[in-house]
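Just so you know, residue 1 is the first one in the sequence shown, and it goes up from there.
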Amino acid sequence: LAGLSLATANDLISQLAIDNFIETEVFVTIEKIRDIEVLVTGHVNSPGIYILNGYSNVLHALIMAGGISEFGSFRNVIVKRPGLPDKSIDLYDFFIFADTLSNISLRSGYSIFVDSTTNLVPIRGGVAREAIYEFKDKETSADLIKFAGGKTLNSFSKKPILSRFSDGKLNSYELNDPIELNKNDRLFIPFNEFDPDNLIIDSENY
């Protein structure tokens, strides 16, 4: 059973029982799970070998290593598995889109490498979450707006403004269509200015 998942082990034992015993039903549970050793390296704040609970996954290991450092990639966390292909994990799937399917469980002997990145673009203005986001090749201004939670209600009709260095200077222009992102780009979503008069209630009518 070494190396098998609980589900696979359960199927194997159940089939053996069916083949050798009459009207026998098998239930498999784990009484105790052993700790595992995992190497976490690359652009994390505290690289090293960590002893983790056997139920741990990639996020648990990164937390133990102090999180990803300033120029570490959230989009390319590589899990190295002896005898298996390396697996690249995009943490935006978890943190932005709440998709945990690729957050694999760890085993002893696995190592986690956090790659570096300089593909960072800030987005400000009429979006739900102003921040600096990391982009992959071929991703566009529309992807960046999606990462930031989309446009706010007071900016739906406003065109994004992209600032980009070219010919040694910073140029800004409105985007009619999404454009592929470059390093050192900046994106601004214009929004309607806040008008405090909108909050005034006429006492004669209310």
Just wondering, are more than 12 heavy atoms of other shown residues or ligands nearer than 6.0 Å to [atom1] in [X]?
X	atom1	value
I132	CD1	no
D137	CG	no
I51	CD1	no

Can you check side chain to side chain contact (heavy atoms under 4.5 Å, CB included) on N184 and R164, steps first, answer last?
CA-CA 7 Å; N184 299 318; R164 174 173 291 178; over 6 Å; no

I189 and its side chain to side chain contact (heavy atoms under 4.5 Å, CB included) partner, picked from L144, I161, V127:
V127

Applying the side chain to side chain contact (heavy atoms under 4.5 Å, CB included) criterion to L62, which one of N57, N45, V114 satisfies it?
V114

Where is the tightest heavy-atom contact between [X] and [Y], given as atom of each residue plus distance?
X	Y	answer
N171	S166	ND2-OG, 2.6 Å
I68	S73	CD1-O, 3.7 Å
L187	P160	CD1-CB, 4.0 Å

So does E139 pair up with R75, basic N to acidic O under 4.0 Å?
yes

Decide side chain to side chain contact (heavy atoms under 4.5 Å, CB included) for I36 and L106; before the verdict, give the C-alpha distance in whole Å, the side-chain angles of both, and the deciding distance to 0.1 Å.
CA-CA 8 Å; I36 58 175; L106 300 174; 3.8 Å; yes

Kindly determine whether N154 and N192 satisfy side-chain hydrogen bond (donor to acceptor under 3.5 Å, both in side chains), including the steps that lead there.
CA-CA 6 Å; N154 62 352; N192 300 324; 5.9 Å; no

Measure up the Y133 and F147 rings against each other and bin them: parallel (under 30°), tilted (30 to 60°), perpendicular (over 60°).
tilted

Does the ring center of Y92 lie less than 6.0 Å from the ring center of F97?
no

Distance-only donor-acceptor pairs under 3.5 Å for side chains of residues 116-126, two or more places apart:
from : atom 1 : to   : atom 2 : distance (Å)
T117 : OG1    : N119 : N      : 3.1
T117 : OG1    : E134 : OE2    : 3.3
T118 : OG1    : K183 : NZ     : 3.2
N119 : ND2    : F135 : O      : 3.4

For the side chain of T24 and the backbone of I22, is there at least one donor-acceptor N/O pair under 3.5 Å apart?
yes

